[in-house]
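Here is the structure we will look at, set down as structure tokens.
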Amino acid sequence: MEQFINFAYIIAAVLFIFGIKMLGSAGTARRGNLISSIGMLLAVVVTLMKGGLDYTWIIAGLIIGSAIGGLCAKKVQMTGMPELVALFNGFGGLASVLVGWAEFAKDPTFSGDGGKIVGVAVVLAILIGAITFTGSLVAYLKLSGKIGGAATVFPMQKIVNAGVLLSIVVIGILFVISPSAGLLYFLIALSCVLGVLGVIPIGGGDMPVVISFLNSCSGLAASAAGFVIFNNVLIVAGCLVGASGLILTVIMCKAMNRTLANVFFGGFGAIGAKQDIEGEMKAISTEDAFYVLEAAQSVVIVPGYGMAVAQAQHVTRELGEVLESNGTEVRYAIHPVAGRMPGHMNVLLAEADVPYEQLCEMDDVNPTMETVDVAIVVGANDVVNPAALEDEGCAIYGMPIINVHQARTVFALKRGQGAGFSGLVNTLFFRENCRMIYGDAKETLTNLVAQFKE
Amino acid sequence: METLLLLLFVFVLAAFLGFELIQKVPSQLHTPLMSGSNAISGITIVGALLAVEHTGEMGKWIGFAALILATINVVGGYMVTDRMLGMFKAKSQKKK
């Protein structure tokens, strides 16, 4: 039986591998997800065949978990996706912590076959899992606006973090040498604290990096849990997730021209240096904006987090449609880190039925920007800030941006005159060719659409 | 010790495989890839199932909690990814 189960685990691992591979390209993604879910089902079913399990508890747990997970997945709005992914991620991390803990409860002296190695694995599963758990919770709270999204920094933050990490290492070593429940609780508590400390100094604009990094961590935690119970399928599947999550993290970092270390230790967005900018922000009414748009040949729409906040994705698509029926070429330019998670804008616009062909990546749009009549910036800020190209002293210098400032006219939809998320003043808004349309993005766009329909 | 080395070997191979699998992902798939792989990380569910067998009140409760959390991660993760990818698909179909 044992052999049969292990053989089935191998098949499950193969299904995961195919699943992830297929998730990487548009045509096969949905089937890939299905295949990987079949792998998961297989892994669960064969595990249940192992004798001596307590099925009453298992069935209860499976039902409760499925109900909660299924309900969340059905109910969530697409604008709420980043929060949900963060939350699921956190649950996965906590589950790994508990698996490590349960192993300790079963064999408190690690006297089994694995010996001290199991102890080391327990420490790792708890450390990585707990960081994933509390880190994801903080990310969830920030994303859902339950706590402020800005970076929280306090004096000697790095020293405190280093101190916590050092204590974890020391306690971890002590725990492996002579396991005790007290040390275990201490370890769990400190790891949880480290997760919180690690994520609070990271501001909302860096969330895509954090989310994909935590995703990677949840995989590694599962892998560590695999070493705890000497289970191949946990190790393989967890490691695959860890690796793919890391790749995504690196892609996100590149899109911001920053290193991972810089994101985590930079405390970015907390400092708002005053810049001197010439010129002033010029407002335009929706009526005037309509005349300009009506005459435009080519329009590029640049969505950002503000579009998600205003829930304006549907009306954005409507505007795109009326513009098209007016003979205008419409494209959507999407910055890789626009929004709060990787691919955030793509998901929202897909929900609003924007045709796939109209979604353009930054590198494809930028060379054509000079021929664009109007660029409409819907709630994006830092990703269109030309200071990133020009001002060496600015915090986002070097980050590739969508060069809307090269378009003939720019309309920036914005709630007020305040600085963007990063705390930086956007020099785009002071340019000669830029006009501000103040107000709620959704209302403004609805207004524009209404005028087209008249 | 031998088992451990074997497991480490598997781990290292899986890491390289993971890096190879996803070299170039179009940005519109970033979110589904993330939530889909997030669901896979719920494989801890297997560990949780095995933990429930443990005798002793404490271990059982811990295993039970782990099971619920991992199940949420797995079921929710797969379903929401499927829902998302369904939207992508419906769109390209609509676009004749």
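If you're wondering where the values come from, they're calculated on a predicted model, not measured in any experiment. Here is the naming used below: chain letters follow the sequence lines, and residue numbers restart at 1 for every chain.
Only the side chain of A/I251 comes within contact range of chain B, judged by heavy atoms closer than 4.5 Å. When heavy atoms are compared at a cutoff of 4.5 Å, B/A39 approaches chain A solely by way of its backbone atoms N, CA, C and O. Contact of A/Y9 with chain B is made through the side chain alone, with heavy-atom distances under 4.5 Å. When heavy atoms are compared at a cutoff of 4.5 Å, B/I45 approaches chain A solely by way of its side chain, counted from C-beta outward. Looking at A/E351, the atoms closer than 4.5 Å to chain B (heavy atoms on both sides) sit in the backbone and in the side chain alike. Both the backbone and the side chain of A/N89 come within contact range of chain B, each with at least one heavy atom under 4.5 Å from a heavy atom of that chain. Interface remark: A/K21 contributes backbone and side-chain atoms alike to the contact with chain B (heavy atom separation under 4.5 Å). Within the 4.5 angstrom heavy-atom criterion, atoms from both the backbone and the side chain of B/L8 approach chain A. Looking at A/L84, only its side chain comes within 4.5 Å of chain B, counting heavy atoms on both sides. Contact of A/S223 with chain B is made through the side chain alone, with heavy-atom distances under 4.5 Å. Of the two parts of B/V74, only the side chain, counted from C-beta on, holds a non-hydrogen atom closer than 4.5 Å to a non-hydrogen atom of chain A. Contacts of A/I229 with chain B are made by side-chain atoms alone, with heavy-atom separations under 4.5 Å and no backbone atom involved. Of the atoms belonging to A/M345, not a single heavy atom falls under 4.5 Å from chain B. Heavy atoms closer than 4.5 Å to chain B are found nowhere in A/A255, neither backbone nor side chain.
Between the side chains of A/S66 and B/T71, not a single donor N or O lies within less than 3.5 Å of an accepting N or O.
One finds the CE atom of A/M22 at 12.5 Å from the CG atom of B/L29 (value rounded to the nearest 0.5 Å). Rounding to the nearest 0.5 angstrom, the gap separating the CD1 atom in A/I235 from the CZ atom in B/F9 is 13.0 Å. A distance of 13.5 Å separates NZ in A/K106 from NZ in B/K60, rounded to the nearest 0.5 Å. Rounding to the nearest 0.5 angstrom, the gap separating the CZ atom in B/F64 from the CG atom in A/D54 is 10.0 Å. Of the inter-residue distances, the one linking B/L67 atom CG with A/I64 atom CD1 reads 9.0 Å to the nearest 0.5 angstrom. Note: A/F88 CZ to B/M79 CE = 9.0 Å, rounded to the nearest 0.5 Å.
Most heavy-atom pairs under 4.5 Å with chain B: of the set A/G39, A/G69, A/S216, this distinction falls to A/G69. Counting heavy-atom pairs under 4.5 Å between each of B/P26, B/G63, B/G42 and chain A puts B/P26 at the top. If you tally non-hydrogen atom pairs under 4.5 Å between each of A/P208, A/G219, A/A237 and chain B, the highest count goes to A/A237. Taking B/L17, B/N38, B/V10, B/D82 one by one and counting their heavy-atom pairs under 4.5 Å with chain A, the maximum is reached by B/N38. Taking A/I68, A/V85, A/I247 one by one and counting their heavy-atom pairs under 4.5 Å with chain B, the maximum is reached by A/I247. Across B/I40, B/L33, B/V12, the residue that shares the most heavy-atom pairs under 4.5 angstrom with chain A is B/I40. Per-residue heavy-atom pair counts under 4.5 Å with chain B were compared for A/L214, A/I211, A/N215, and the maximum is reached by A/N215. Heavy-atom pairs under 4.5 Å with chain B peak, among A/G242, A/A222, A/G24, at A/G24. Each of B/G47, B/G36, B/P32 has some count of heavy-atom pairs under 4.5 Å with chain A, and the biggest count is that of B/G47. In terms of heavy-atom pairs under 4.5 angstrom with chain B, the leader among A/G343, A/C72, A/G93 is A/G343.
When every heavy atom of B/I43 is checked against every heavy atom of A/A43, the shortest pair comes out as CD1-CB, 4.1 Å. Between A/G92 and B/T44, the shortest heavy-atom distance links the atoms O-OG1, 4.3 Å. Listed here is the closest heavy atom pair of A/L246 and B/F19: CD2-CZ, 3.9 Å. Heavy-atom minimum distance, B/G59 versus A/A102: O-CB, 4.3 Å. Between A/V99 and B/A48 the shortest heavy-atom distance is CG2-N, 3.7 Å. Annotation for A/L240 and B/A14: closest pair CD2-O, 3.7 Å, computed over non-hydrogen atoms.
Looking at heavy atoms from C-beta onward, B/H30 lies out of side-chain contact with A/V347 at the 4.5 angstrom threshold. The side-chain heavy atoms of B/M87 and A/D353, taken from C-beta on, include no pair separated by under 4.5 Å. Proximity of A/N346 to B/T31: side-chain heavy atoms (C-beta onward) are nowhere separated by under 4.5 Å.
Aromatic ring centres of B/W61 and A/W101: separated by at least 6.0 Å.
Annotation for A/Y55: atom OH counts as buried by contact number, over 12 foreign heavy atoms lying within 6.0 Å.
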> Would A/N231 and B/L50 satisfy side chain to side chain contact (heavy atoms under 4.5 Å, CB included), going step by step from the backbone distance to the final call?
Replying inline: CA-CA 11 Å; A/N231 187 306; B/L50 296 174; 4.2 Å; yes
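Distance alone, capped at 3.5 Å, places no donor-acceptor pair between the A/R30 side chain and the B/T81 backbone. In this structure, A/S244 contributes its side chain and B/G18 its backbone to no donor-acceptor pair below 3.5 Å. Here the side chain of B/Y78 pairs a donor or acceptor atom with the backbone of A/S36 at under 3.5 angstrom.
Considering A/V241, A/L248, A/N33, A/L23 as possible partners of B/S37, the one that fulfils the side chain to side chain contact (heavy atoms under 4.5 Å, CB included) test is A/V241.
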